[in-house]
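Working notes, structure below.
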Protein chains: 2
Amino acid sequence: MPSSTVENYLKQILLITLEREEKVVPMGLISESLDVTPGTATSMAKNLEKEGWLCYEPRRGVSLKPAGRKLGLNILRRHRLLETFLVETLGLDWSEIHEEAEELEHAISEKVLERLDDFLGRPRHDPHGHPIPTKGGVMQRKKSRSLVGCKEGLSVVIESIDDQERNFLKFARSRHLLPGKKIKILSREEEADAMEIRVEGKMPFSIGFEAARKILVSV
Amino acid sequence: MPSSTVENYLKQILLITLEREEKVVPMGLISESLDVTPGTATSMAKNLEKEGWLCYEPRRGVSLKPAGRKLGLNILRRHRLLETFLVETLGLDWSEIHEEAEELEHAISEKVLERLDDFLGRPRHDPHGHPIPTKGGVMQRKKSRSLVGCKEGLSVVIESIDDQERNFLKFARSRHLLPGKKIKILSREEEADAMEIRVEGKMPFSIGFEAARKILVSV
DNA sequence: GTTTTCATTTTGAGTGTTCAAAATATAGGG
DNA sequence: CCCTATATTTTGAACACTCAAAATGAAAAC
Ligand SMILES: [Mn+2]
Ligand SMILES: [Mn+2]
Ligand SMILES: [Mn+2]
Ligand SMILES: [Mn+2]
């Protein structure tokens, strides 16, 4: 049975792989996102290779093998179903569920997970708008782009919020920047690194490019 | 933050302390119930002492200090609330919840636990009939005796089932030996190590002393 | 009061994960 | 083509937990 350390590594490597759309993940990104020193990531990569989860190519990075990809997707499923449970059933705030799910994902069994899935009505997205992989390990690919790249006058729908940082999530909710909400880009000032937007039925406000980058939308 | 190993040790030591009504717990009982070698239990005891959870007296055993007792009670609360959730909300069978709770108890945060407690309506007993300690660390003392010691003709109410073994729990449920059920001792054959009983409204059947010992009742 | 038995402790070692700091490789800029 | 900045790897050590097997202590049996 893989340890929770192994599960965290594989889930994170999977996320980076998907985000970059690039099979090979350099060690630096891994050590940074898991908050371990680079040497630790390297030595873990060798262990993970020995156990058959991935391929490790020195000075290039790692690439998931089918087993590693499958386990990564499974942990992602657990994580996102648990987040959904914490918000939908227990009423926690979406800014505090990530850390909770980060622990619970390693303790919940397959059996309990499936019961939870039934109980929740087999949701397809977590509270942040991220797709929940199926039991079979299929996750729908989203072809959404970031709000930061949207032109003036465009109307878009929020797909997901791509940041787990508490304060950003609190800000987003306070501005009604939630998955499913419709927003219009009123103006865009390249030099100011900011744009003015309006969430449907709300007051317009401006948002910096840095923040807008974390909001994924579909046209 | 105490590791899940520490949590398991303290919870188990607390349970043995309560069961034996004896402050000092010999190492043999610890190593057996946690399924580790005696040497492991001894070395762990020294660590736990160094961290202030308990007192270790060589060749006598360990006794919980207030901090250890408090953490033990807290883990017990988590365990039993989770068991209740698994049965009441997710519909798992009471024979399979112990192992699940054994893992989840280390991953659930205080905040999520309290939400769960609310959600469940602040239950006072888990599915096996065991009392759930309060947030403040108070657990109601049960003065129940075992079915095995009950005399012929007596009518009693089942308080709890004191065994986590799957097959025994399945048997118990199949015979309606559940917390709250009223049973009458029809006869008792000392030499046969067995007694005949009837659960209210059901057919009489006989049960060995070994099994009857695991059923706690109140008169 | 010695011997036997049993519980417990000690010893030495191994696993998985981690870090700090030194060593090394590689890619680009000069 | 060399040099330097940056990413990565290596090295050596530590921590928490575990086991097997040998040593020891204390209680029970004789
Ligand atoms: Mn995690
Ligand atoms: Mn999420
Ligand atoms: Mn446990
Ligand atoms: Mn129970």
Would you call [X] and [Y] a salt bridge, using N to O less than 4.0 angstrom?
X        : Y        : answer
B/Lys111 : B/Glu114 : no
A/Arg59  : A/Glu57  : no
B/Arg122 : B/Asp117 : yes
B/Glu96  : B/Lys170 : no

Distance check needed: [N] [atom2] versus [X] [atom1], whole Å only.
X       : N      : atom1 : atom2 : value
A/Leu29 : D/dA7  : CG    : C1'   : 11 Å
A/Ile30 : D/dT8  : CD1   : P     : 9 Å
B/Glu57 : D/dA26 : CD    : C1'   : 16 Å

Out of D/dT18, D/dC19, D/dT8, whichever nucleotide has its closest atom nearest the side chain of B/Ser43: D/dT18
Please determine whether the number of non-hydrogen atoms from other residues, nucleotides or ligands lying under 6.0 Å from atom CZ of A/Arg124 exceeds 12. no
B/Glu99, CD: over 12 other non-hydrogen atoms inside 6.0 angstrom: yes
Near DNA chain D, counting only heavy atoms under 4.0 Å, which residues of residues 1-27 of chain B show up? B/Ser3, B/Thr5, B/Tyr9
Please confirm whether the ring centroid of B/His79 lies under 6.0 Å from the ring centroid of B/His98. yes
Checking A/Phe168 now: which residues fulfil ring-ring contact (aromatic ring centres under 6.0 Å, His included) with it, not counting sequence neighbours? A/Phe171
Taking for each residue the nucleotide of DNA chain D with the nearest heavy atom, is it A/Thr42 or B/Arg59 whose nucleotide lies nearer the 5' end? A/Thr42
Outermost nucleotides of DNA chain C that come under 4.0 Å of a non-hydrogen atom of chain B: C/dA7 to C/dT10
For B/Gly39, which contact category applies under a 4.0 Å heavy-atom criterion: base, sugar-phosphate, or nothing? base
